[in-house]
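As structure tokens, the structure follows; a few thoughts come after it.
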Protein chains: 2
Amino acid sequence: MPRTTLTSAQIVDAAVGLLDAEGLEGLNMRALGKQLGSAATAVYWHVGSKENLIALAADQVWHEIPLPDLAVVDWRTAATRLATDLHTMLTRHPWLVQAFGSLPLFGPGKARHDDHSLAIHEAAGFTGGQADQAAATVFTFVLGNALGPAAADSLARRLGRAGDDAAEAMRDSTAKAHEIAARFPRLRARLETAAAGHGAAPDNSFQFGLQTVLDGLEARLAAARP
Amino acid sequence: MPRTTLTSAQIVDAAVGLLDAEGLEGLNMRALGKQLGSAATAVYWHVGSKENLIALAADQVWHEIPLPDLAVVDWRTAATRLATDLHTMLTRHPWLVQAFGSLPLFGPGKARHDDHSLAIHEAAGFTGGQADQAAATVFTFVLGNALGPAAADSLARRLGRAGDDAAEAMRDSTAKAHEIAARFPRLRARLETAAAGHGAAPDNSFQFGLQTVLDGLEARLAAARP
DNA sequence: CTACGACTTGCACAGTGTTCAAGAAAGGAC
DNA sequence: GTCCTTTCTTGAACACTGTGCAAGTCGTAG
């Protein structure tokens, strides 16, 4: 072998690091090669293609989220923890949600999560396909919630790279958005009270939505039981 | 002026058509130019950049979704209709959700929708920031729900373009997913019953989740009223 | 020592978004 | 009519992307 041989794990780790630092569109094979101290094309022997590499990186980060033990907490706190940890994981890796829209991302890491989520909702009292739909509902909400921030992140990173007028372009963009929103009565009112009250923390919005979804699931359970 | 002058509306329409037909990664400026009968670079005079073009196309399709009249239906059916129409719109234009993860997409079209959604949730009884969070919750769910299908669509389109072994690669991919899922007890059980019962229609899953979210919102309303 | 298989490298190609100087066509001013 | 300006289009470039390919390098088994 040559002096040092690349391993798939090394490559995937470097890819995750680069994706976290530069975003999805900041990842390119030459930069990855430079980070690994190898030629860009050396990666291809191990992972086959860029899409495959992203799939591997994407599945890797699923293992970051801990699985709550159903023997010690009830289903609702378990569901809350799983969803919240998923949410912070998606916040840490905004590129995941972007990749989710373009590639089929299903590997052992996601399977591990999905299986446990299913277990939680079965423990709640859902049976058969209902458990699947219940799990899908909260998962879908968490995923959708990460979509907006991912876009903001992507934009900020792209502008941050672009030298001087980054902040100006950013301000232009939001100013334009406000100008549009101000033409609609309710949106304008929301903007005003948000500006006055320093705005609701965006994480509050996540918890509100999550608890609402769980409330809805409990309502369905209560309706099924006499 | 030259014989025929391009208009922004023409360009945006052609872009939407191309995006619908070829997907987000199928859109490129030379193809767009060919469709318009112009040079690829002629577009730049009108829209500035590809990102801007996508933003314009994205905002355009928001106008496809009708706004339910609160004077004739109660808030819950209004919310259901708005969410369902948003869902079918996102199904018709799967590239929108993908773009949502990479670009800040906020224009008059989305503002029109957001404003009405806010109105619906204010009519439900939510006040101030609560209405905002309630609207965001159901919007977020619908958005997240469109993310999986978008990926499947994107993959299918990419493979469909690739000649012969498209179906084979698709089957390989799902087979691998099943193989992984089968290693987890609950996922395996779900696969088996799904195969036996022809699977729950995916649109059932959307309605289940949507009604669950609305149930959760109603629970919150009931808890606030004495 | 030789041969093989595991890896790596540099080169090249096709395709991408975008810039830029140069042009073409219309509409007015005189 | 001529001339100028403004609006729009064009084709040729440039830098960058993912990736295929032939050639290479190296450890190791025989």
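Note that the coordinates shown come from a computational prediction; the quantities given were computed from them, not determined experimentally. Letters A, B, ... mirror the listed sequences (proteins, then strands); counts begin at 1.
In this structure, B/R158 places its CZ atom 10 Å from P of D/dT19, rounding to the nearest Å. In this structure, B/Y44 places its OH atom 11 Å from P of C/dT16, rounding to the nearest Å. Protein atom CG of A/N52 is 15 Å distant from nucleotide atom P of D/dG18, rounded to whole Å. For the pair A/L53 CG and D/dT17 P, the interatomic distance rounds to 15 Å; values are reported in whole Å. Rounded to whole Å, the distance from CG on A/L6 to P on D/dC26 is 15 Å. The nearest whole Å value for the distance from the CG atom in A/N28 to the C1' atom in C/dG17 is 15 Å.
Of the candidates D/dT10, C/dT16, C/dT8, the closest approach to any side-chain atom of B/A42 belongs to D/dT10. Candidate nucleotides C/dT18, D/dT9, D/dT19 were compared by shortest atom distance to the side chain of B/M29, and C/dT18 ranks first. Among C/dC7, C/dT16, D/dT9, the nucleotide with an atom closest to any side-chain atom of B/K50 is C/dT16. Of the candidate nucleotides C/dT18, D/dC8, C/dT8, D/dC8 has the atom lying nearest to any side-chain atom of B/W45.
Rounding to the nearest 0.5 Å places CG of A/L18 at 6.0 Å from CG of A/L27.
Considering only side-chain N and O atoms, B/H46 lies under 4.0 angstrom from the phosphate OP1 or OP2 of D/dT9.
The heavy-atom pair separating B/A57 from B/V12 by the smallest distance is CA-CG1, 3.8 Å. The two atoms that bring A/A58 and A/L96 nearest to each other are CB-CD2, 3.9 Å, heavy atoms only.
Within the structure, side chain to side chain donor-acceptor pair (under 3.5 Å) pairs that include any residue of residues 19-37 of chain A comprise A/D20-A/H93, A/D20-A/W95, A/E22-A/R161, A/E25-A/S154 (at least two apart or interchain). Among residues at least two apart or in separate chains, side chain to side chain donor-acceptor pair (under 3.5 Å) pairs with a member in residues 6-18 of chain A are A/D13-A/Q60. Screening residues 40-57 of chain A for side chain to side chain donor-acceptor pair (under 3.5 Å) gives A/E51-B/R158 as the qualifying pairs, with residues at least two apart or on separate chains.
With salt bridges taken as basic N to acidic carboxylate O contacts below 4.0 Å, one links A/D153 and A/R157.
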Nucleotide N/O of nucleotides 10-14 of chain C paired with protein N/O under 3.5 Å:
residue : atom : partner : partner atom : Å
C/dG10  : O6   : A/T41   : OG1          : 3.3

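Residues from residues 15-27 of chain B that place a heavy atom under 4.0 Å from any atom of DNA chain C, listed by number: B/L27.
When each of B/R188, B/R190, B/R186 is checked for a salt bridge (Lys or Arg N to Asp or Glu O under 4.0 Å) with A/D115, only B/R186 meets the rule.
Scored by the side chain to side chain contact (heavy atoms under 4.5 Å, CB included) test, B/H116 finds B/L67, B/P68, B/I120 as partners (sequence neighbours excluded).
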